[in-house]
Undergrad: 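Can you read through this structure? Questions will come right after.
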Amino acid sequence: MNLVKQIQDELKSRVEKACEQAREQGRLPYTELPSFVVEVPREKAHGDFAVNVAMLLARQARMAPARIAELIAGYLPCGDQLVKRVEIAGGGFINFFLEDDWLYLVPQAVWDAGDKWGTAPARGKRVQVEFVSANPTGDLHMGNARGGAIGDSLANILAAAGYEVQREYYVNDAGNQMELFAASLEARYLQEWGLAAEVPEGGYAGQDVLETVRRFIAAHGDRLLAESPATRRQRLASYALAEKLEYIRATLEEFGIRYDRWFSEQSLYDSGKVDEVVALLKQRGALYQRDGAWWFRAEGLGQEKDEVVIRSNGIPTYFAADIAYHVDKFERGFDLVIDVWGADHHGHVARMKAAMAVLGIDPERLQVILMQLVRLYRGGEIVRMSKRTGTLVTLNELIEEVGKDAARFSFVMRSPDSHLDFDLELAKQQSMENPVFYAQYAHARVCSIMAQARMAGVRLQPPDEVDVRQLSEPAEKELLRKIADYPNEVVQAAESMSPHRISRYVLDIAGMFHSYYNHYRVLQAEPAVRAARLLLVETFRRTLKHALGLLGVSAPEKM
RNA sequence: GUCCCUGUAGCUCAGCAGGAUAGAGCAACGGACUUCUAAUCCGUAGGUCGGGGGUUCGAAUCCCUCCGGGGACGCCA
């Protein structure tokens, strides 16, 4: 049930009919009705909904927008149950002022929807969201944290908007980095037995690798000394990989994230999919040979540079595997595939889309959200993050220091496009820097009212037992209005792939509630009003809780 | 040099499939707790939307250009 959308559709069709009538009677000449919007004006004085069709018709009709608006308004029905009156203003806007009736349907709509409030009916579209996908060779850093918060919230929002959603983590368990990782492990292993060995240049020299090796030794001793280097590396790598993955899985779960699938890069090699896709690219003439390597022809498809797919040593690059991976995603039947990447991968986007196009997949079906990088501060001083030299602040520490709710909210509050400066000191010292508490507090306040009501023997009555029209204060109507907007907000956040829209909404509606709370008493009101207010406050609470849930933030009953 | 992001109140940011008088939080100042949680509320102050062109009924929003900030340009991933 989406009341706002129903009304917008109704108004739109009324305007369309009015235009047609005016045209038929020869008073409004136009050949094609431009696509116009029924929007909510920023100013309340401009009514509940505004339509801009008159301005858009001005050129075709060769009339002043204000005159067109007057003309159209003359054909609009009003004074009925929905529309109280219509005004022309601002040089051609048609402003609709509605009767309040529809607002009083809101509590019932929320009740009827139950758990489904805020969600849209299934649209029969499958979406995959792949995010974080950090190399399983180290810790999770702030960039991964941001990606996790954005990706997971987006997945929640898409699901609420009616998509069938799958969350996936791409495990880079193959390729160069993995080999370096294995070589680093081996070096540490040999060193532990007093043998001469060195962590290769650009390898993993961090403490965590050493600790992993020590745990391996505790479990398996010196058995690998007798093995061939290749076997030794393979054993160490698979041990470390399993350990790292479990660590990553557990950390992300603490961050409120659960994946539906962990997809192994290595499996693409094992199944021959990488070779297959390379062969297909060759067959399509998308590759050419130069200096002994095979290059993907990306020039001309944007200004990106060409990219190596097969090295001159015959080993495919990660790009080859990544193409195979994306082909595999589409073969699994997703209508839309969303990748959440760090901005440092931006050059990869056009190439990947180009590769999809060559392989006959509409590149529009692949959407990449590029997040700008997180800059970490501690008390005003910048902290550089690096995976190789040992991460400075891990996701674990972040959760520990500022908490899951505050961390997730902070990341999802800002657009992925924004360069995020995250100050740890600020985040934990000044709780007011975390607006998440503001929203959670609103929830706790409602819960407190409900608890008081129960103690006083006052029951929360369902909408059909309540005279909702007792909610006559402007603040109450505005709150109802905001609640009614919720399903639309979810759909818009999904369609624009902007989780931060939901955090905006959360803060807006929480603010409206706090203000209402300070101006009106719920329990001290006379019984009929009290019943209506209890109901209002409960519909608000359900909406807020759902919205927070989309962001992976809890809605505490007490604070 | 090429490409991506960005420039809006003192600070951090919304708004940008063009819409009417540009918003919020923090910081500042002044008020509101014997009353459902003051982690709250109310008020005041704060702006050449980086500069300049263009597109049109109308631009913070779209295009061009210049300037400032962040990032990417590897037979790494």
Side-chain angles (χ1 to χ4, degrees), chain A residues 35 37 39 41-43 45-46 50 52 54-56 58-59 64-66 89-93 95 133-135 137 172 174-178 180 202 265 290-295 302-305 307-319 321-322 342-350 370-373 375 387 413-421 423 426 430-435 437-438 440-442 444-453 455-456 495-496 500-501 503-504 507-508 510-511 513-525 530 533-534 537 558-559:
Chain A
S35 77
V37 292
E39 62 182 359
R42 200 168 42 222
E43 287 292 319
H46 297 142
N52 65 343
M55 287 91 139
L56 300 174
R59 175 170 288 203
F93 283 102
N95 294 333
S133 298
N135 277 339
T137 51
N172 297 112
N176 235 329
Q177 290 304 319
M178 211 56 214
L180 263 177
E265 179 184 3
R290 189 175 75 204
D291 304 331
W294 286 91
W295 296 72
Q303 295 168 339
E304 295 300 319
K305 288 179 184 169
E307 179 81 3
V308 171
V309 174
I310 306 285
R311 301 186 185 95
S312 50
N313 63 8
I315 298 172
T317 62
Y318 92 108
F319 182 43
D322 226 8
D344 51 343
H345 288 67
H346 95 263
H348 192 44
V349 177
L370 285 177
M371 313 174 288
Q372 299 303 310
L373 302 183
R375 248 187 319 182
K387 221 165 174 193
M413 205 167 53
R414 294 184 174 95
S415 150
D417 287 339
S418 74
H419 304 262
L420 180 56
D421 291 338
D423 194 314
L426 225 60
Q430 292 173 274
S431 59
M432 279 321 296
E433 284 290 316
N434 292 314
F437 297 120
Y438 181 84
Q440 289 181 318
Y441 186 49
R445 275 182 149 175
V446 177
C447 291
S448 178
I449 293 173
M450 292 301 161
Q452 298 268 340
M455 276 194 287
E495 282 171 359
S496 59
H500 69 279
R501 290 183 70 128
S503 63
R504 268 295 126 188
L507 293 176
D508 280 355
F513 168 77
H514 281 308
S515 175
Y516 177 67
Y517 179 94
N518 272 274
H519 286 95
Y520 301 95
R521 301 270 117 189
V522 174
L523 298 176
Q524 276 80 1
R530 182 181 64 197
R533 288 183 176 173
L534 267 177
V537 144
K558 273 186 191 163
M559 285 179 77

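Below, chain A is the first sequence line, B the second, and so on; all start at residue 1.
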Undergrad: Whole Å only: how far is the CD atom of A:Glu307 from the C1' atom of B:C73?
TA: 10 Å

Undergrad: Identify whether any heavy atom of A:Ser515 sits under 4.0 Å from a base atom; if not, whether one sits that close to sugar-phosphate; answer base, sugar-phosphate or nothing.
TA: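 Sugar-phosphate contact only.
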
Undergrad: Give one of base, sugar-phosphate or nothing for A:Tyr517, where a contact means two heavy atoms less than 4.0 Å apart.
TA: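 Touches a base.
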
Undergrad: Dot-bracket for RNA chain B, 5' to 3', with Watson-Crick and G-U pairs under 3.5 Å, [ ] for crossing pairs and | for other-strand pairs: what is it?
TA: (((((((..((((.....[...)))).(((((.......))))).....(((((..]....))))))))))))....

Undergrad: Atom CD of A:Gln177 and atom OG1 of A:Thr137: how far apart are they, to the nearest 0.5 Å?
TA: 6.5 Å

Undergrad: Between A:Ala174 and A:Gln524, which residue's closest nucleotide on RNA chain B lies nearer the 5′ terminus?
TA: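 By nearest-heavy-atom nucleotide position, the 5'-most residue is A:Gln524.
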
Undergrad: Summarise protein proximity over nucleotides 13-20 of chain B in one line of letters, 5' to 3': B for base, S for sugar-phosphate only, - for none, counting protein heavy atoms closer than 4.0 Å.
TA: SSS---BB

Undergrad: What residues, two or more places apart in sequence or in another chain, satisfy side-chain hydrogen bond (donor to acceptor under 3.5 Å, both in side chains) together with A:Arg504?
TA: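 Partners of A:Arg504 under the side-chain hydrogen bond (donor to acceptor under 3.5 Å, both in side chains) test: none.
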
Undergrad: Would you tell me if any nitrogen or oxygen in the side chain of A:Arg445 comes within less than 4.0 Å of OP1 or OP2 on B:C41?
TA: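 No, no such contact exists.
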
Undergrad: When we call it a touch if two heavy atoms are under 4.0 Å apart, what does A:Gln452 touch: a base, just sugar-phosphate, or nothing?
TA: sugar-phosphate

Undergrad: Just checking A:Asp508: base, sugar-phosphate only, or nothing, at a heavy-atom cut-off of under 4.0 Å?
TA: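 Answer is nothing: A:Asp508 stays at 4.0 Å or more from every strand.
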
Undergrad: With a 4.0 Å cut-off on heavy atoms, is A:Ala58 in touch with a base, just the backbone sugar-phosphate, or nothing at all?
TA: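 It contacts nothing in the nucleic acid.
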
Undergrad: Base, sugar-phosphate or nothing for A:Tyr516? Non-hydrogen atoms, less than 4.0 Å.
TA: nothing

Undergrad: Pull up the glycosidic torsion of B:A17 and say syn or anti, syn being anything within 90° of 0.
TA: syn

